[in-house]
Amino acid sequence: MDDSLLALMLSAALFCATMTMTPGPNNILLASSGANFGIRRSVPHVLGIRLGSTSLHLAILLGLGALFEAWPLLHQLLKYGSVAYLLYLVIKIVTLPVAAPGTPGDASPMSLREAALFQWVNPKSWMTTITLCSAFTLGGDGYWASAVLGLLVFNLIGFPAGFTWVMIGAAISKKLNTVRRRRHFNWFMASLLMVSIPMLVK
C-alpha cells in the first residue's frame with residue numbers, strides 16, 4: 001500500500017469512526033435494543049446493519065465506479081462537494097441538541113432482515129456511504145483499490161461501533177444521559193471529523 005492510499009485510509013477510518021459512533025437512527029435503536037433486550041438478543045440487529053450497509057455500499061460503488069473511471073473530473077467535483085458536506089456535518093454535530101428525547105421501546109428486537117432493509121431508507125446511511133465512496137477514494141485506476149479498502153475499513157470500524165452502542169444501552173445506559181457529557185462527546189467527535197478534512201485536500 002503506497003503512502004497516499006495509506007493516508008487516505010487513515011482519513012477514512014477517522015470519518016467512519018465519527019459517523020458510526022455519533023448519535024443517529026441506528027445507534028439510538030441499538031442503545032434502545034441493548035437496554036430493553038440485552039446484548040445477545042441484539043446481535044441480529046448489529047449484523048443486519050452491517051449487511052444492509054455493505055449492500056448499499058456495493059450498489060453505490062458499482063454505479064459510481066464506471067462514472068469515475070470515465071470522467072475523473074466528476075470524481076474531483078464530488079470529492080470537494082463531500083468536503084463541503086463534511087464541514088456541514090461538523091457544524092451539525094457541534095450543534096446537536098444535548099437534551100434529545102428518549103426513544104420508545106419495542107415489543108421485540110429488530111431482526112437481521114429489518115435492520116438490513118432499514119439502511120436503504122436511513123438518510124445517515126446514504127450520506128455516509130456516498131461521502132465514503134467519493135471523498136475517500138482515488139480517481140482513475142486507483143478507484144477500485146481504494147473503494148474496496150474503504151468498504152473493509154467501514155465494516156471493521158462499524159461492527160465494533162454497533163456493539164459499543166448496544167453495550168452502552170445494556171450496561172451503562174446512563175453514561176451519556178447528562179447535558180455536559182453529551183455536549184463534550186459531540187465536540188470530541190466533531191474535532192475528529194475536522195482532522196480528517198485537511199487530509200482530503202491535496
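Scope of the values below: all heavy atoms of this structure, side chains included, with no hydrogens, waters or symmetry mates.
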Atom of [X], atom of [Y] and distance for their closest heavy-atom approach:
X: I130; Y: S134; result: O-OG, 2.8 Å
X: G150; Y: L132; result: O-CD2, 3.8 Å
X: W144; Y: L61; result: CH2-O, 3.4 Å

Test your reading of the model: is there a side-chain donor-acceptor pair from [X] to the backbone of [Y], 3.5 Å cut-off?
X: S33; Y: L29; answer: no
X: S32; Y: I28; answer: no
X: S111; Y: E114; answer: yes
X: W165; Y: M21; answer: yes
X: S55; Y: G52; answer: yes

I'd like to know if [Y] and [X] are part of one continuous hydrophobic network [Ile/Leu/Val/Met/Phe/Trp/Tyr, side-chain heavy atoms within less than 4.5 Å].
X: L51; Y: L117; value: no
X: L156; Y: F15; value: no
X: L62; Y: Y143; value: yes
X: Y88; Y: M127; value: yes

Practice task
Would you kindly say whether T22 and K92 are connected by a side-chain donor-acceptor distance under 3.5 Å?
Solution key: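 On atom types as modelled, these side chains do not qualify, holding no pair under 3.5 Å.
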Practice task
Might you confirm whether atom CH2 of W71 has over 12 heavy atoms from other residues, nucleotides or ligands at distances under 6.0 Å?
Solution key: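 Open.
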Handout entry: Side chain to side chain, M194 and L87, heavy atoms closer than 4.5 Å
Key =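 Yes, close enough: below the 4.5 Å cut-off.
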